Novice: 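First the structure, which I've put down as structure tokens, then a few questions once you've had a look.
A note on names: the letters A, B, ... follow the listed sequences, proteins ahead of strands, and every chain is numbered from 1. Computed from a predicted model, the values in this text were never measured in an experiment.
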Amino acid sequence: MRLINPNEAILKLFASMPTITNLVGVQIAQQHKFAQEGSPNIWDKTQCALTVRPDPGGSSERDQPNWQGRVQLTCWGGTPAEAMRLFMEAAQVCDGVRKATVLTSTGTALIYFLALDGSQEAGMDADTKVDVVIQTARYRVFKHALEDLT
Amino acid sequence: MSAMAPFAELIGPALIYVAAYGTPEPAIDAAPGASWYRLGATDGDQTFKNTGAHTFFRDNEHTGPVSARRPEEDVMVEFTLVHATLENLARVMHDISKVTTTTSGAAAVKRMPNKRGQVPTEYALLVRGETDSPYGAYPAQNYIPRCISDAEPELTRGKDSRAEIACSFVALEDDAQSEDDRLGWSTVQTS
């Protein structure tokens, strides 16, 4: 059975939400692309962007076929207000996750929950000088593609 | 691997509704009607309890028990309300009819008495999760046709804390139902 990448599942979940894509467009990935000078794919610092990357601190359920972990959501914005606006939309998405299904490159993933973990941090990314709001979130994601279950 | 049933994991809180005793169970694929009042918002754990210890009987011929009977059983739903509207409080404390709309000076007010009285109001209760079905991304609900609020709420307030209302609804046997259904039942959508 195909294994689901939980980080990809959560990324794809956000990418499927118009409230998010209306703000970030295609600027959503595990790592930012603000520094890709000369690349046609370089991200626009004046537009919102969302990065979702694995974050340490989740537990591992060895006897259950679920990923339990944390992700770090970084909401990038041209201004602090824009970054916060994206964060609030992302928080709404997290609140609404109840056994959400989303198509990934290795099949349909089942995300049981995506819960905000602690409060957010706001500031400016030192490398890119882009305003950010950073929030961690806990998740439980079924490890296998739903199509592969007998 | 065929034993995997990912939707069978019951995860996440449910929505809790109350209605007057006698209100029938709503269809699983429709929102509860106007006769159902949603108690909310809740916070923290929600507990659905089926209690009822057995009494075991033994004899001199055997080392293990030879018979068992359940003399008592209870069905209880426990949760914490965090919206202290009088509409919520009255349903938990006594009855919504105790809330009156009046004036105090020039201000419009709602008024609710503290005394609860001897006889509790009987309700129907619905615990519903929109993705609670163990068979797929479908709703599931638990309907208790007859219950009372057994809460003894303590609203504790502090400088940086929130007053929360601990609720407990206890099922009563409803003789209007068939024997198995007298303390309520679960309905889960399968397709």
Novice: Say whether F169(B) and I165(B) are linked into one hydrophobic cluster, either directly or through other cluster members, by side-chain heavy-atom distances under 4.5 angstrom.
Specialist: yes

Novice: Look at the side-chain heavy atoms of Ile, Leu, Val, Met, Phe, Trp and Tyr, link any pair under 4.5 Å apart, and say whether I4(A) and F7(B) land in one connected group.
Specialist: no

Novice: Between I10(A) and L3(A), is there shared hydrophobic-cluster membership here, with clusters defined by ILVMFWY side-chain heavy atoms closer than 4.5 Å?
Specialist: yes

Novice: More than 12 foreign heavy atoms under 6.0 Å from CG of N50(B): is that the case here?
Specialist: yes

Novice: Do you reckon I148(B) sits in the same ILVMFWY cluster as M76(B), going by side-chain contacts under 4.5 Å, direct or chained?
Specialist: no

Novice: In the structure I gave you, are the side-chain heavy atoms of N66(A) and E9(B) within less than 4.5 Å of one another anywhere?
Specialist: yes

Novice: Under 4.5 Å, heavy atom to heavy atom: which of residues 99-134 of chain A reach chain B? Give them by number, or say none.
Specialist: K99(A), T101(A), L110(A), Y112(A), F113(A)

Novice: For atom CZ of R2(A), decide whether the heavy atoms of other residues, nucleotides or ligands shown that lie under 6.0 angstrom number more than 12.
Specialist: yes

